[in-house]
2 protein chains.
Amino acid sequence: MPAIHTLETPPATRRAHTVGCTGCAHASACQAGGYGKDELSGLRRIVEKVGLLRDGEYLYRPRTPFRALYAVQSGMAKTVTVDSAGREQVLAFHLPGELFALDAICLGYHDNAVIALGRTQFCRFPFDSLRCLATTQPDVQWHLMHTMSRQIHQQRLSGGDYPAEERMAAFLTDLSDRRAMLGLRADHLPLPMSRADIGNHLRLATETVSRLLARFRDAGFIRIDRQGLDILDGRALRDVGRHLLQG
Amino acid sequence: MPAIHTLETPPATRRAHTVGCTGCAHASACQAGGYGKDELSGLRRIVEKVGLLRDGEYLYRPRTPFRALYAVQSGMAKTVTVDSAGREQVLAFHLPGELFALDAICLGYHDNAVIALGRTQFCRFPFDSLRCLATTQPDVQWHLMHTMSRQIHQQRLSGGDYPAEERMAAFLTDLSDRRAMLGLRADHLPLPMSRADIGNHLRLATETVSRLLARFRDAGFIRIDRQGLDILDGRALRDVGRHLLQG
DNA sequence: CGACTCTTTGATCCTGATCAACACCGGTGG
DNA sequence: CCACCGGTGTTGATCAGGATCAAAGAGTCG
């Protein structure tokens with residue numbers, strides 16, 4: 001398992017404040033921005049834009065103070081922990097509109113890192129403002145709870161004891177479903193992360209990831225190209241992973 | 001893997017309303033009750049007592065409407081999902097004071113079951129009252145967020161790809177630490193769940209659980225008896241599981 | 001006591017990890 | 001332009017951790 005990326009954190013000056021979500025392609029499907037609902041417009045007034053980060057650059061690092069929640073605006077990112085032995089673990093991949101850093105609230109600092117996969121922009125929700133907003137607007141409060149609940153709920157899926165093939169199929173189907181929810185093409189998955197990242201996340205060796213994808217390709221479920229893959233038979237794929245999906 | 005328990009849900013009439021947490025031994029260490037903090041006294045006024053449930057009895061079942069959050073009052077419980085193939089998965093064990101059912105908020109119904117391990121009593125926090133309370137008292141709101149954040153944070157530990165021995169050691173150490181936090185004896189762990197439950201939760205066969213415990217016993221780390229085990233060398237145990245513990 | 005379940009221990013097997021070699025691509029410099 | 005290089009991905013061969021199979025103790029409850 002290779003060591004941590006050594007690219008430098010981008011200077012804070014690269015962060016640019018913007019006024020809200022107007023013009024963002026994902027605004028109406030964005031979890032972080034409240035799916036464009038009027039009652040949650042407050043959320044979209046406190047957002048700041050961060051980026052552009054390049055592949056491998058850090059949004060934040062472990063042991064840095066928790067000041068804000070984030071979402072991906074465009075591109076993709078991964079959350080990674082490093083344990084006491086230096087081994088890293090990919091906890092999640094983030095698609096546009098998905099809120100993260102929720103786990104840092106209880107600690108007051110980040111104990112994991114978020115790293116850009118390819119060129120990626122982020123939205124930043126300063127936690128002070130958010131807290132303020134939540135005390136005055138029950139809708140915002142409710143939305144946050146809802147989001148956290150969903151995250152608790154979803155994480156449980158990835159823990160299960162299922163064969164490698166099922167985990168991989170479920171992973172691809174889940175990515176596809178999340179893209180569909182965002183209004184993106186569900187039959188095409190860009191995979192800017194390495195095979196090692198996918199394997200780490202699914203508790204598989206990179207060789208196994210490669211072999212499983214080859215198997216799905218040979219079965220006619222997917223077509224693989226350099227930047228990702230096309231889903232040719234989503235039904236079949238979903239069926240392989242069915243035990244892991246949505247209980 | 002055996003099928004689901006077949007014991008019947010206890011009649012609703014067994015539920016008894018009480019006035020708050022006065023007299024509860026865990027009140028000052030109870031997460032659900034706000035650790036006895038004055039600002040959160042509202043929490044302790046809306047609580048109802050549920051129980052007593054006997055071993056194997058259900059607190060709630062999948063596909064039942066979500067009406068309340070719960071905590072264990074005395075005893076122990078497990079949260080279990082059943083997948084589409086009928087295989088069950090033990091998601092968590094709950095000690096007194098620990099809040100659960102947080103994952104049902106986003107769905108509006110429970111998609112897993114909570115089952116008593118030995119004779120167990122529960123505390124019930126009606127969600128309507130809780131929501132009310134949270135809108136008027138920012139402290140309550142904050143406390144809930146904190147609790148959910150912690151849950152998101154902790155769940156990540158159980159997903160990792162570590163050898164069986166480390167997972168088992170980390171599991172025992174975690175249980176011990178949680179007991180210490182509640183003011184219970186940390187050097188003695190009652191284990192009212194079956195080896196199969198432990199194995200399921202840790203993605204291990206029951207035979208492996210048995211073998212690992214025997215190994216720890218032979219190494220002088222623990223003493224095993226019928227109702228649980230005594231920790232003789234907590235340091236050694238923690239060291240075996242160190243990679244999984246607290247990042 | 002006897003039927004039953006849960007746990008423990010031993011023997012064998014299999015999935016997926018590890019080791020090893022090669023192909024592929026993107027960049028760099030001559 | 002091509003030779004070279006390091007990183008990433010693919011494929012094959014071997015290995016091992018833990019599962020599965022099998023059977024015997026140990027409680028528990030009728």
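All chains are named by letter (A, B, ...) in the order of the sequence lines, taking the proteins before the strands, and each is independently numbered beginning at 1.
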Side chain to side chain contact (heavy atoms under 4.5 Å, CB included) between B:Thr79 and B:Val114, intermediate numbers included:
CA-CA 4 Å; B:Thr79 294; B:Val114 167; 3.5 Å; yes
Give the intermediate values and the outcome of side chain to side chain contact (heavy atoms under 4.5 Å, CB included) for residues A:Leu212 and A:Leu204.
CA-CA 10 Å; A:Leu212 288 171; A:Leu204 299 173; 3.9 Å; yes
Would you please test A:Asp197 and A:Arg195 for side chain to side chain contact (heavy atoms under 4.5 Å, CB included) and show each step?
CA-CA 5 Å; A:Asp197 281 338; A:Arg195 298 286 190 264; over 6 Å; no
Check the pair A:Phe216 / A:Glu165 against side chain to side chain contact (heavy atoms under 4.5 Å, CB included), numbers first and verdict last.
CA-CA 9 Å; A:Phe216 289 154; A:Glu165 189 178 51; 3.9 Å; yes
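Here the C1' atom of nucleotide C:dT15 and the CE atom of A:Met168 are 15 Å apart, to the nearest Å. Atom CZ in A:Arg195 sits roughly 18 Å away from atom P in C:dG16 (whole-Å rounding). Following rounding to the nearest Å, A:Leu202 (CG) and C:dA17 (P) show an atom-to-atom distance of 10 Å. Here C:dT5 presents its C1' atom at 18 Å from CE of B:Met193, a figure rounded to the nearest Å. As a whole-Å value, the separation of B:Leu204 CG from C:dT15 P is 18 Å. Atom CD of B:Gln227 is separated from atom P of C:dC6 by 17 Å (rounded to the nearest Å).
For the pair A:Val72/A:Pro96, a side-chain contact is recorded, criterion being any heavy-atom separation below 4.5 Å from C-beta on. Looking at A:Tyr58 and A:Leu53, their side chains never come closer than 4.5 Å, going by heavy atoms from C-beta outward.
Relative orientation of the B:Tyr70 and B:Phe122 rings is perpendicular, given thresholds of 30° and 60° on the angle between their planes. Under the 30°/60° scheme for interplanar angles, the aromatic rings of A:His94 and A:Phe100 are found to lie parallel.
Remark: A:His201 engages no residue in a side chain to side chain donor-acceptor pair (under 3.5 Å) (not counting sequence neighbours).
Contacts of residues 206-225 of chain A with DNA chain D (heavy atom under 4.0 Å): A:Glu207, A:Ser210, A:Arg211, A:Ala214, A:Arg217.
Recorded end-axis angle for the helix from C:dC1-D:dG30 to C:dG30-D:dC1 stands at 30°, based on five pairs per end and rounded to 10 degrees.
Take the nearest nucleotide of DNA chain D for A:Arg226 and for A:Asp161: the residue whose nucleotide is more 5' is A:Arg226.
As judged by a 4.0 angstrom heavy-atom cut-off over every strand, B:Arg167 is placed among residues making no nucleic acid contact. Within 4.0 Å (heavy atoms only), A:Ala205 reaches at least one base atom of the nucleic acid.
For DNA chain D, the span of nucleotides reached by chain B at under 4.0 Å from its heavy atoms goes, 5' to 3', from D:dG18 to D:dT28.
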Anything under 3.5 Å between a donor and an acceptor, one on a side chain of residues 167-182 of chain A, the other on a protein residue two or more places apart or in another chain? List them.
from	atom 1	to	atom 2	distance (Å)
A:Arg167	NE	A:Leu202	O	2.9
A:Arg167	NH1	A:Tyr162	O	2.5
A:Arg167	NH2	A:Leu202	O	2.8
A:Arg167	NH2	A:Arg203	O	3.3
A:Thr173	OG1	A:Ala169	O	2.9
A:Asp174	OD2	A:Arg178	NH1	3.1
A:Ser176	OG	A:Ala186	O	2.8
A:Asp177	OD1	A:Arg238	NH2	2.8
A:Asp177	OD2	A:Arg238	NH1	3.1
A:Arg178	NE	A:Glu98	OE2	2.9
A:Arg178	NH2	A:Phe93	O	2.6
A:Arg178	NH2	A:Glu98	OE1	2.8
A:Arg179	NE	A:Arg185	O	2.9
A:Arg179	NE	A:His188	O	3.0
A:Arg179	NH2	A:Arg185	O	3.4

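Sorted by first and then second residue, the pairs that involve residues 217-230 of chain B and meet salt bridge (Lys or Arg N to Asp or Glu O under 4.0 Å), not counting sequence neighbours, are B:Arg223-B:Asp230.
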